[in-house]
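So the structure is just underneath, and the comments pick up after that.
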Amino acid sequence: METPGLVVHGEAAPFSTALRSLVNNPLYSDVRFVVGQERQEVFAHRCLLACRCNFFQRLLSSEPGPGVPSPVVLSTVPAEAFLAVLEFLYTNSAKLQRHSVLEVLTAAVEYGLEELREVAVTFGLGQLQERCVAFIEAHSQETLRTRGFLELSAPALLPLLRSDKLCVDEAELVLAARSWARVGAAVLERPVAEVAAPVVRELRLALLAPAELSALEEQNRREPLIPVEQIVEAWKCHALRRGDAARGTPCRRRRGTLPREHHRFLDLPFK
């Protein structure tokens, strides 16, 4: 039996420094990018990008033709963010700046760089959440129809459902929450109600008209999504003709809530 050889590890820092010196370096570069609205030229090395990232492997799979190859145009990613992505691909580390972390995050998601995405989210979490929530509040209906909404985690969805400023009616929000839970249930192989449990408490069912609430209750019997006691609480608001702030029943209208006859009885107006 052959004796295993000795694995020798060199120092990581000089190795990383050497590779970092190749970022945007025309030396031995065999691919050029034109990135961002400023159309900045960026140099890179095809084999390194291809072995580190499936996105670039597909993008750069065709052999360059004779002569000077045409640059690859990536107009949606700012140059600073793209250089951070390259630094991560070359060295497995990158220095992030708060003013550009959201653009790096967007690029990491587009290029399938999960490690970089996680770091970018952690680094810019507060700013990221504020800007994302503000964007979704202003473009609620369009956002709810995107694949990105369906792929949100429960912790990411919670601040959205707690917002008074969503420009969408509660009936649409209930439908969106059900679609989100169905996708999560299929991916995680868990019941829809179990997946939805962390977020459906933030749905403001008392805002729905009686006919809408009855329809929701019937659908809930066929496909459980919302706890029965939550629906009971909504019916109680209708019966008492007031919102019960002490019990935490969510009756406050959102920015996009369509008016209904019973809303005049609710104690908690939109703020």
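Ala81 is linked by a side chain to side chain contact (heavy atoms under 4.5 Å, CB included) to Val77, Pro78, Glu103, Val104, counting only residues two or more places apart in sequence or in another chain. The salt bridge (charged side-chain N to carboxylate O under 4.0 Å, His left out) check on Arg147 picks up Glu151, with sequence neighbours excluded. Residues forming a salt bridge (charged side-chain N to carboxylate O under 4.0 Å, His left out) with Glu114 (at least two apart in sequence, or on another chain): Arg117.
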Original post:
Hey, mind stepping through His45 and Leu19 against side-chain contact (heavy atoms from CB on, under 4.5 Å) and telling me if it holds?
Top reply: CA-CA 11 Å; His45 303 81; Leu19 286 176; over 6 Å; no
Subject >> Working for side-chain contact (heavy atoms from CB on, under 4.5 Å), residues Leu144 and Leu175 >> reply: CA-CA 9 Å; Leu144 296 183; Leu175 291 175; over 6 Å; no
**OP:** Verify salt bridge (charged side-chain N to carboxylate O under 4.0 Å, His left out) between Glu41 and Arg32, making sure each step is shown before the conclusion.
**Re:** CA-CA 7 Å; Glu41 188 176 48; Arg32 290 182 300 131; 2.5 Å; yes
Subject >> Chi angles and distances behind the side-chain contact (heavy atoms from CB on, under 4.5 Å) call for Arg178, Asn220 >> reply: CA-CA 10 Å; Arg178 187 178 294 276; Asn220 207 59; 4.0 Å; yes
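Annotation: side chain of Phe56 is in contact with side chain of Leu59 (closest heavy-atom distance under 4.5 Å). Residues Leu49 and Tyr90 are in side-chain contact: their nearest non-hydrogen atoms beyond the backbone lie under 4.5 Å apart. Side-chain contact between Cys237 and His262 is absent, with no heavy-atom pair separated by less than 4.5 Å. Side-chain contact between Asp169 and Arg260: present, with at least one pair of heavy atoms (C-beta onward) separated by less than 4.5 Å. The shortest side-chain heavy-atom distance between Glu212 and Glu170 does not fall under the 4.5 Å cut-off. Between Asn92 and Glu115, the closest side-chain pair of non-hydrogen atoms falls below 4.5 Å.
Arg201 and Glu229 are joined by a salt bridge, as a carboxylate oxygen and a charged side-chain nitrogen come within less than 4.0 angstrom of each other. At a threshold of 4.0 Å, the pair Arg221-Glu218 counts as salt-bridged, since one of the basic side-chain nitrogens sits closer than that to a carboxylate oxygen.
Legend: ring pair (Phe, Tyr, Trp, His ring centres under 6.0 Å) pairs involving residues 216-237, not counting sequence neighbours, sorted by first then second residue: Trp235-His238. Within the structure, ring pair (Phe, Tyr, Trp, His ring centres under 6.0 Å) contacts touching residues 5-31 (residues at least two apart or in different chains) do not occur. For residues 199-232, no residue pair satisfies the ring pair (Phe, Tyr, Trp, His ring centres under 6.0 Å) rule, not counting sequence neighbours.
Here the CD-CD1 distance, from Glu217 to Ile231, works out to 5.5 Å after rounding to the nearest 0.5 Å.
Without hydrogens or angle criteria, Thr143 side chain to His139 main chain gives a donor-acceptor distance under 3.5 Å.
Tracing side-chain contacts under 4.5 Å through hydrophobic residues (I, L, V, M, F, W, Y), one never reaches Leu27 starting from Val23; they form parts of separate clusters.
Screening Arg254, Arg204, Arg253 for a salt bridge (charged side-chain N to carboxylate O under 4.0 Å, His left out) with Asp164, the sole residue that qualifies is Arg204.
Figure legend: cation-pi geometry between Arg52 and Tyr111 absent, as NZ or CZ is not positioned both under 6.0 Å from the six-membered ring centre and within 45° of its axis.
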